[in-house]
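Since the structure is predicted, the reported quantities are computational estimates derived from the model, not experimental observations. This chain uses plain numbering: 1 for the first residue, then up along the sequence.
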Amino acid sequence: MSYQHILVNVDGGRADIRLNRPAKYNALLPEMCEELASAAEQLAARPDVKCIVFSGEGKNFSAGFDVACEQSATDTKSIWIANKRMQNAFARINELPVVTVCALRGYVVGAGFLLAAVCNLRYATPDTIFYVPELDMGIPFSLGGVATIARYIGITRTAEMVLTCNKVTASSPYMEGFVTRVLEEDKLMPFVDEIVADVVKRPSSLLLSSLSTIREAERGLMPNPASDLFTMLFVDVEEEAKTVRTNYSKRFKS
């Protein structure tokens with residue numbers, strides 16, 4: 001099956017899904033997130049697939065939500081619907097009956113950060129940059145982002161990332177609870193390949209049982225976030241569009 005925004009490959013018990021908008025830093029669109037979720041669900045339903053690896057085509061994992069697609073929105077409802085579509089897609093990925101792995105490099109931003117968060121294992125190069133720029137862009141950080149990231153790095157560090165929009169690398173102590181392991185660029189994919197090869201050797205029944213236990217532990221540490229899409233109700237759409245247009249080109253500058 002062909003997709004507009006992603007690349008899919010299956011090899012034995014492993015499936016690979018690559019975000020495929022490299023010219024846009026693999027920025028996410030609502031329809032792209034739905035493609036990700038639909039492809040992942042179809043792959044996970046196959047009896048031979050036990051692990052799905054998510055990565056980004058080119059030098060970056062994902063630049064987050066492509067705010068350029070919001071510039072044509074004329075009402076808060078349009079923005080709310082777009083955010084809801086993405087939130088639902090991430091929830092579907094989070095509940096897949098297979099092991100999910102992220103290979104991270106370059107920018108892992110906003111919604112891209114959340115996509116990585118819903119995977120089970122996350123491997124990154126030392127200079128991978130994690131970044132929550134929404135306040136700089138003039139929009140709220142929604143999609144349950146604060147609670148999801150706080151589950152891994154704590155509320156205090158999450159608050160600083162959200163409120164200051166500071167960039168943090170994978171090698172920073174900040175990210176110790178989020179990144180499974182940091183690996184040099186030339187070792188990232190070979191190591192991921194080794195991990196996946198080990199995973200697909202396991203019986204599906206044991207993997208499913210372990211995933212259920214892990215997810216219960218996650219919910220015990222911090223319950224799944226309630227919807228925070230109500231924040232969209234307080235956005236002045238016209239002013240937001242002006243702010244987005246002004247700041248969009250500055251998004252990845254130091």
Is [X] reaching over with its side chain to a backbone N or O of [Y], donor-acceptor style, under 3.5 angstrom?
X: Ser209; Y: Ser205; result: no
X: Asn26; Y: Asn60; result: yes
X: Thr100; Y: Ile52; result: no

Apply salt bridge (Lys or Arg N to Asp or Glu O under 4.0 Å) to Asp127 and list each qualifying residue two or more places apart in sequence or on a separate chain. none

For Arg202, all residues meeting salt bridge (Lys or Arg N to Asp or Glu O under 4.0 Å), sequence neighbours excluded: none

Looking just at side-chain N and O atoms, do Arg21 and Ser62 make a donor-acceptor pair shorter than 3.5 Å? no

Would Thr128 and Thr125 count as having a side-chain donor-acceptor pair, cut-off 3.5 Å? yes

Who passes side chain to side chain contact (heavy atoms under 4.5 Å, CB included) against Asn20, sequence neighbours left out? Leu7, Pro22, Glu57

List the residues meeting side chain to side chain contact (heavy atoms under 4.5 Å, CB included) with Val200, not counting sequence neighbours, and say none if there are none. Lys50, Cys51, Val196

Pairs involving residues 27-59, ordered by first then second residue, that meet ring pair (Phe, Tyr, Trp, His ring centres under 6.0 Å) (sequence neighbours left out): none

Which atom pairs, donor and acceptor, lie under 3.5 Å between side-chain atoms of residues 177-185 and protein residues at least two apart or in another chain?
unit_1: Thr180; atom_1: OG1; unit_2: Arg122; atom_2: N; d: 2.8
unit_1: Thr180; atom_1: OG1; unit_2: Arg122; atom_2: O; d: 3.2
unit_1: Glu185; atom_1: OE2; unit_2: Arg105; atom_2: NE; d: 3.0
unit_1: Glu185; atom_1: OE2; unit_2: Arg105; atom_2: NH2; d: 3.0

Answer whether the closest heavy-atom distance between the side chains of Ile17 and Tyr3 falls below 4.5 Å. no

Look up atom CZ in Phe65 and atom CG in Leu114, then write down how far apart they are to the nearest 0.5 Å. 12.5 Å

Met86 CE to Leu29 CG distance, which is reported to the nearest 0.5 Å: 8.0 Å

In a check of side-chain hydrogen bond (donor to acceptor under 3.5 Å, both in side chains) between Glu34 and each of His5, Arg92, Arg85, which one passes? Arg85

For Phe113, run the side chain to side chain contact (heavy atoms under 4.5 Å, CB included) check against Phe61, Phe130, Tyr107, Tyr131 and tell me which one passes. Phe130

